[in-house]
Amino acid sequence: MATAINTAASCKNFINGRWVESRSGRVAERRNPADQTEVVAVSPLSTREEVREAIAAARAAFPAWRDTPAPARGKVITRAAALLDQQKEEVARLLTREEGKTYKDALGEVSRSVNILEFMAGEARRMGGETAPSEHPRNFTYTFKQPLGVIASVTPWNFPIAIPVWKAAPAIVTGNTVVFKPAGITPLTGTKVVEIFAEAGVPAGVLNMVLGSGSEVGDELINHPDVRAVSFTGSNDVGSRLYASAASKMKKCQCEMGGKNPVVILADADLPLAVESVITGAFGSSGQRCTATSRVVVEDAVADRFVEMLVARTKQVKAGNGLDPDVELGPIVDENQLSTVLRYLEIGKKEAKLLAGGSRLTGPAYDRGLFVAATVFDRVPWDCTIAQEEIFGPVVSVIRVPDFEEAVRVANSVKFGLSSSIYSNDAAKIFEFIERIESGMTHVNLPTVGSEAHLPFGGIKGTGVGLREMGRVAIDFYTELKTVYIDYNRRKPS
Ligand code: NAP
Ligand code: MG
């Protein structure tokens, strides 16, 4: 395989306001998943010692940043929003080359990150508490919010711009300092995020980044005694261990993890709309989104018609390099994820009826990349492996049900609870679904994917623990609440 190593970006750590080479001497190469001959980045596998240096820098920077007035901190985030907005096309292209999602999806992610920054900048001026009447005369009571200290931010590869931004922005605006570890396979987009904050004027030590493996850099970061809180997004496997470890050290912790998101299609649904929604939700970002549509729960009365339309549309989905504007389905992110997806396809062929896709794409257009065909399984039993486990690939399972009651039961029959959707025009059933569906976010006549910058994001059950991210509530994770009692009467305690 030809290499283009000389044109690849060489990534560095960012510690105490400076870009520094790792001393480890070990590196990882990141190749474009749509064209494995292109090395996109070479990044260091940093050492535990380097993580400790970053934590020390963050700790030292904390008092001055904490004491910087919140509106002044907000102005830095405002500048970051403007800088990212100016560079959004370039950043989106980088994201497509490194992670693989289509340019349209990449631009969507970057635009959403700009929105998050704009919203969070304003939070600087809204960091208020509450005042309350006291039980005692001439007494005043109130609450206010204070930053925690050093925050660990550990993020996945699938939204390598938006997730780091939605963690760093509220952490920084509230006066914390951050050590950020991006996913090992997306070092260059992680670097871009830090460059933007640095250029926006985040002072030295307030935001640091250490590149490297989860087992070394990630592990040192979350377990270090000077780290007060851990914000993690990623798999259940890593998140559950990390949560236990952080809890044992009494660290504040939030974990956003996997999903198995259902779209429920009732007999009265607008079927063409529902089909397009499933295509977007299941195959957008190659199904590699925590909110991806992975189960379609459809009422028997319309199941045959719906499946026929879905399969016809799925067969039109064009796979390829996400920089090609006609492409709807980009590659799988890496060899590991590819083998996971292929393994589930084989399981699915035994458990259900394969109607479209079902294998790796081969041939001259695909051989340099890691492509899997858009896949539809029909007549999937609700409790089988492909209906229960997160696949994280362009695979959708159709589960047929007799009625609304069974649809709700099946939709809730998984351990996850991130997103969901219903297609219907029956107001009573829609409201009942909204009430009974076990997910942190739900959509009506919309895909399971998609969220807005000023609204909370996150899941319940096995998907998420800790406070929600994004929206105003994001601030609560990054602050402690202090309750104050003031006596201006000089009364003797009774
Ligand atoms: P992952 O394997 O769990 O990795 C997430 C992050 O944790 C990476 O930075 C990883 O580093 C790091 N890590 C790994 N082992 C660690 C350890 N022992 N200690 C500390 N950190 C460690 O997840 P992923 O494969 O990147 O992402 C896919 C998963 O993310 C899916 O399950 C998806 O559903 C979930 N996700 C959830 C949401 C949500 O909001 N609910 C959003 C997006 C994605 P390395 O990369 O170096 O291993
Ligand atoms: Mg992983």
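Every number for a ligand or one of its atoms is a count from 1 in the order of the listing.
Ser439 and Ser420 share a donor-acceptor pair across their side chains, judged by distance under 3.5 Å alone. Side chain to side chain, Thr448 and Ser421 fail the donor-acceptor criterion of an N or O pair below 3.5 Å. No side-chain donor from either of Asn158 and Ser285 sits under 3.5 Å from a side-chain acceptor of the other. Side-chain contact of Glu50 with Ser24: a donor-acceptor pair under 3.5 Å is absent, judged by distance alone.
Within the set Lys260, Arg468, Met257, Met470, the minimum heavy-atom distance to atom 41 (N) of ligand 1 is found for Met257. Distances from atom 33 (C) of ligand 1 to the heavy atoms of Phe180, Phe232, Phe392, Trp166 show the closest one on Phe392. Residue Gly234 holds the heavy atom nearest to atom 29 (C) of ligand 1 of all those in Pro156, Gly190, Gly234. Distances from atom 1 (P) of ligand 1 to the heavy atoms of Ser235, Ala162, Gly259 put Ser235 nearest.
The protein heavy atom nearest to atom 10 (C) of ligand 1 is Lys181 CE, 4.0 Å. Looking from atom 26 (O) of ligand 1 to the surrounding protein, the closest heavy atom is Trp157 CD1, 3.0 Å. Atom 40 (O) of ligand 1 has Phe457 CE2, 3.2 Å as its closest protein atom, hydrogens excluded (heavy atom only). Regarding atom 32 (O) of ligand 1, its nearest protein heavy-atom neighbour is Glu390 OE1, 2.7 Å. Closest to atom 48 (O) of ligand 1 among all protein heavy atoms lies Gly214 N, 3.9 Å.
Geometrically, ligand 1 and Cys290 share no nitrogen or oxygen pair separated by less than 3.5 Å. Not one N or O of Asn158 is nearer than 3.5 Å to an N or O of ligand 1, by distance alone. Looking at Thr155 next to ligand 1, an N or O pair under 3.5 Å apart turns up. Polar contact with ligand 1: absent for Ile163 (N/O pair, distance under 3.5 Å). Considering backbone and side-chain N/O of Thr463, none are found under 3.5 Å from N/O of ligand 1. Residue-to-ligand polar distances keep Arg241 apart from ligand 1: every N/O pair is separated by 3.5 Å or more.
Under the 4.0 angstrom criterion for non-hydrogen atoms, Gly239 is not in contact with ligand 1. The closest approach between Ile222 and ligand 1 stays at or above 4.0 Å for every heavy atom of the residue. Every heavy atom of Val217 sits 4.0 Å or more from the atoms of ligand 1. Every heavy atom of Gly459 sits 4.0 Å or more from the atoms of ligand 1. In this structure, Gly458 does not count as a contact residue of ligand 1, since none of its heavy atoms falls inside 4.0 Å of the ligand. For the pair Phe159 and ligand 1, no heavy-atom separation below 4.0 Å is found.
Distances below 4.0 Å separate heavy atoms of Gly184 from the following atoms of ligand 1: 45 (P), 46 (O), 47 (O). Residue contact check: Val238 has heavy atoms under 4.0 Å from atoms 3 (O), 13 (N), 14 (C), 15 (N), 16 (C), 22 (C) of ligand 1. Within ligand 1, the atoms closer than 4.0 Å to a non-hydrogen atom of Val154 are 6 (C), 7 (O), 9 (O), 12 (C), 21 (N), numbered from 1 in the order shown. Shown in contact with Asp219 at under 4.0 Å from a heavy atom are these atoms of ligand 1, numbered in order with element: 19 (N), 20 (C). Atoms of ligand 1 lying under 4.0 Å from any heavy atom of Gly212, numbered from 1 in the order shown and given with element: 47 (O). Taking every heavy atom of Leu418 and a limit of under 4.0 angstrom, the matching atoms of ligand 1 come to 41 (N). Taking a cut-off of under 4.0 Å to the non-hydrogen atoms of Ser213, the atoms of ligand 1 that pass are 47 (O). Close contacts between ligand 1 and Gly218 involve ligand atoms 19 (N), 20 (C), 21 (N) [criterion: under 4.0 Å to a heavy atom].
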| said: The test is side-chain contact (heavy atoms from CB on, under 4.5 Å); show your working for Leu221 and Ile55 and say whether it passes. | reply: CA-CA 8 Å; Leu221 183 54; Ile55 294 169; 4.0 Å; yes
| task | Report the C-alpha separation of Arg313 and Glu276 in whole Å, then their side-chain angles, then the decisive distance to 0.1 Å, and conclude whether the side-chain contact (heavy atoms from CB on, under 4.5 Å) test is met. | result | CA-CA 8 Å; Arg313 178 66 181 87; Glu276 269 318 304; 2.6 Å; yes
| said: Run the side-chain contact (heavy atoms from CB on, under 4.5 Å) test on Glu390 and Ser294 for me, step by step, so that the C-alpha distance in whole Å, both residues' side-chain angles and the decisive distance to 0.1 Å come before the verdict. | reply: CA-CA 8 Å; Glu390 183 183 54; Ser294 54; over 6 Å; no
| task | Determine, step by step, whether Ile172 and Leu207 satisfy the side-chain contact (heavy atoms from CB on, under 4.5 Å) criterion, reporting the C-alpha distance in whole Å, the side-chain angles of both residues, the deciding distance to 0.1 Å, and the verdict. | result | CA-CA 8 Å; Ile172 291 172; Leu207 175 62; 4.2 Å; yes
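A cation-pi contact links Arg409 to Trp382, judged by a cut-off of 6.0 Å to the six-membered ring centre and 45° from its axis. Lys101 forms a cation-pi arrangement with Phe159, by the criterion of a distance under 6.0 Å to the ring centre and an angle within 45° of the ring axis.
Between the side chain of Ser397 and the backbone N or O of Arg295, no donor-acceptor pair lies under 3.5 Å. Looking at Arg30, its side chain does come within 3.5 Å of a backbone N or O of Ile185 through a donor-acceptor pair. The main-chain N or O of Pro147 is never found under 3.5 Å from a side-chain atom of Thr479 such that the two would form a donor-acceptor pair.
In the displayed structure, Lys145 atom NZ is contacted under 6.0 Å by more than 12 heavy atoms of other residues, nucleotides or ligands. Summarising the local packing, CZ of Arg126 is surrounded by more than 12 heavy atoms from other residues, nucleotides or ligands at distances under 6.0 Å.
At least one protein heavy atom sits closer than 4.0 Å to atom 45 (P) of ligand 1.
Electrostatic pairing of Lys181 and Glu220 does not count as a salt bridge here, judged by no charged N lying under 4.0 Å from a carboxylate O.
By the 30° and 60° cut-offs, the orientation of the rings of Phe392 relative to Trp157 is perpendicular.
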